[in-house]
Amino acid sequence: MRYISTRGQAPVLNFSEAMMTGLARDGGLYVPEVVPVLSKAEISAMAGLSYEDVAFRVMRPYLGSTFTDAEFKGLIAKAYAGFSHAARAPLVQLGPNHFLLELFHGPTLAFKDFAMQLIGQMMQAALAKTGDRITIVGATSGDTGSAAMEAFRGLANVDLFILYPHGRVSDVQRCQMTTPAEANVYALAMDGDFDNCQARVKDMFNDFAFRDGVRLAGVNSINWARVLAQVVYYFYAAVALGAPERSVSFTVPTGNFGDIFAGYIARKMGLPIEQLVIATNQNDILNRAMKTGDYVQNGVTASISPSMDIQVSSNFERALFDAYGRDGAAISALMDELKAGGFHISQGAMGMLRETFASGRCSEAETLATITRAFAETGEVLCPHSAVGVKVAEENLGAAPMITLATAHPAKFPDAVESAMGVRPNLPPRMADLFDRPERVTRVPNDLGALQALIRERIAR
Ligand SMILES: *Cc1c(COP(=O)(O)O)cnc(C)c1O
């Protein structure tokens with residue numbers, strides 16, 4: 001399997017190289033040259049299998065010769081052993097034809113654990129074969145950083161640096177990043193906001209001397225391996241509800257478009273997905289783009305579903321690449337326009353996007369009302385991101401069963417949940433002592449040179 005860049009100017013890579021590279025050198029994102037299609041019989045055969053067995057069957061065709069089958073099975077087993085639910089991704093029913101896929105039973109209570117736990121194992125195994133060491137730098141608004149810390153702590157061939165905006169993450173998120181004691185992971189609290197953090201990480205990737213010098217790798221959802229790991233639960237859930245004989249629909253609370261793009265890949269692989277619904281909060285650039293064809297930034301407003309507060313939805317570039325007939329030059333031109341504020345999506349590309357995706361938005365008041373109502377009607381406590389999904393899903397119910405992705409545990413966002421329900425959700429018992437663990441964090445300025453010096457010094461230890 002070969003991987004190509006959405007901008008057409010970067011080297012073609014194999015799976016392992018694409019996983020270690022993150023952002024392509026032409027600024028694009030890696031995608032498989034050809035998406036493998038599973039037969040109806042292959043999909044049917046997934047019924048009743050464990051999450052781990054489905055994971056193996058869905059991902060195996062993408063890996064080439066990176067791992068033997070036995071090695072890959074071992075890595076999958078390790079990745080999901082720390083989840084607190086035997087089903088890994090259990091489905092619960094919310095209404096007559098509406099289901100919730102709970103993706104928050106991993107070690108840091110958000111769906112990011114599904115991909116991060118696995119790529120931690122895959123990167124370490126690939127590096128152990130060559131003896132190489134890499135440096136991972138990631139920016140986070142909270143969940144990616146905590147999932148990465150948990151996945152990479154203690155791994156022998158990796159140093160991990162997570163940049164988060166000082167004072168702008170929740171207490172649970174901060175403690176999940178600052179309390180791991182292992183020497184190879186570093187929490188850096190940067191002056192500025194999330195966009196500043198992300199911009200400094202991009203600067204590091206664009207400084208080729210630094211990038212090559214420290215062997216920089218990325219774990220944000222620009223990394224193809226992360227998207228791939230998320231394709232699995234679409235198959236797992238759909239098969240549980242009768243696919244491939246019966247079609248299903250999904251609604252996905254969306255920020256960077258990584259999670260829903262995984263659903264798009266599942267559909268390309270042959271999973272009968274009727275509707276794939278983008279759910280946004282008040283930061284609704286994707287919903288506006290779907291409705292008007294104009295992808296235009298108009299500033300981020302902080303919301304109670306902060307993991308979806310985005311201005312530039314990185315993975316949307318992958319969908320555009322297909323919508324524009326895989327024309328890398330056209331994508332490059334659009335991304336140049338985006339730097340100046342936005343672009344208009346061509347009529348042909350809009351046709352493809354609308355055929356594939358529906359969309360909706362959910363206001364702050366609607367988010368809170370949905371948390372209150374879902375609890376009253378079903379007893380399910382939703383996090384604010386999942387509530388955005390449930391609200392938009394309800395507007396799109398049809399003949400096929402609707403599956404809404406629940407992206408985080410309510411206790412990760414206790415303030416919003418408390419204001420909707422009057423009761424504060426408790427952390428699961430295994431992390432009840434989170435706030436008592438010692439914190440370790442370095443305050444850093446929003447300054448590329450200073451950050452690079454700090455990273456060089458720490459990895460030389
Ligand atoms: C990351 C995240 C999202 C958004 O996912 P994308 O892949 O960026 O679209 C939604 N909800 C939660 C809780 C998240 O952590």
Side-chain angles (χ1 to χ4, degrees), residues 29 89 100-116 119 138-151 162 164 169-170 172-173 176-177 194 198 219-231 233-234 250-266 276-287 289 300 303-319 357 359 361-362 367 371 381-393 404-414 416-417 425:
L29 280 69
L100 192 72
L101 184 62
E102 293 186 346
L103 299 175
F104 51 70
H105 296 284
T108 69
L109 309 180
F111 81 88
K112 306 283 196 303
D113 288 324
F114 277 89
M116 212 64 89
I119 72 167
T140 187
S141 57
D143 293 332
T144 294
S146 45
M149 282 281 174
E150 188 61 33
I162 291 295
Y164 70 84
V169 297
S170 80
V172 175
Q173 290 173 325
Q176 285 180 336
M177 292 189 277
F194 170 68
Q198 179 141 314
V219 290
N220 284 96
S221 62
I222 51 173
N223 192 313
W224 167 256
R226 267 191 66 189
V227 173
L228 177 60
Q230 293 168 203
V231 176
Y233 46 71
Y234 286 89
F250 286 94
T251 299
V252 187
T254 305
N256 240 334
F257 210 77
D259 207 4
I260 192 160
F261 188 75
Y264 166 78
I265 293 292
L276 206 43
V277 186
I278 298 164
T280 73
N281 65 20
Q282 60 190 1
N283 296 296
D284 61 351
I285 182 167
L286 287 164
N287 182 48
V300 172
S303 81
I304 54 172
S305 43
S307 304
M308 294 161 34
D309 290 347
I310 55 102
Q311 162 104 276
V312 177
S313 203
S314 324
N315 277 287
F316 193 50
E317 178 168 343
R318 287 186 162 117
F357 301 102
S359 76
R361 102 197 266 281
C362 180
T367 306
I371 296 174
V381 182
L382 298 174
C383 93
H385 309 79
S386 312
V388 166
V390 165
K391 163 73 172 46
V392 173
T404 299
L405 305 197
T407 51
H409 191 287
K412 212 164 178 182
F413 302 93
V417 175

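One-based numbering, in listed order, for ligands and for the atoms of each. One-based numbering along the sequence shown. Treat the numbers as computed from the prediction; the structure is a model and nothing was measured.
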Kindly say whether [Y] contributes a backbone atom to a donor-acceptor pair with the side chain of [X] at under 3.5 angstrom?
X	Y	answer
D259	V252	no
N281	S305	yes
N283	V300	no

Just the distances, no angles: every ligand 1 N or O to protein N or O pair closer than 3.5 Å, one line each.
unit_1   : atom_1 : unit_2 : atom_2 : d
ligand 1 : 7 (O)  : G258   : N      : 3.2
ligand 1 : 7 (O)  : D259   : N      : 2.9
ligand 1 : 8 (O)  : N256   : N      : 2.7
ligand 1 : 9 (O)  : G255   : N      : 2.8
ligand 1 : 9 (O)  : N256   : N      : 3.2
ligand 1 : 9 (O)  : F257   : N      : 3.1
ligand 1 : 11 (N) : T407   : OG1    : 2.9
ligand 1 : 15 (O) : K112   : NZ     : 2.6
ligand 1 : 15 (O) : D143   : OD2    : 2.6

inquiry  = Under the rule for ring-ring contact (aromatic ring centres under 6.0 Å, His included), what residues qualify as partners of F316, not counting sequence neighbours?
reply    =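 Counting only residues at least two positions away or on another chain, F316 forms a ring-ring contact (aromatic ring centres under 6.0 Å, His included) with F257, Y295.
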key: With sequence neighbours excluded, residues passing ring-ring contact (aromatic ring centres under 6.0 Å, His included) with F261   =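 So F261 forms a ring-ring contact (aromatic ring centres under 6.0 Å, His included) with Y264.
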query = Which residues satisfy the salt bridge (charged side-chain N to carboxylate O under 4.0 Å, His left out) test with K412, sequence neighbours excluded?
reply =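 Testing K412 for salt bridge (charged side-chain N to carboxylate O under 4.0 Å, His left out), a comparison that skips the adjacent residues, returns D143.
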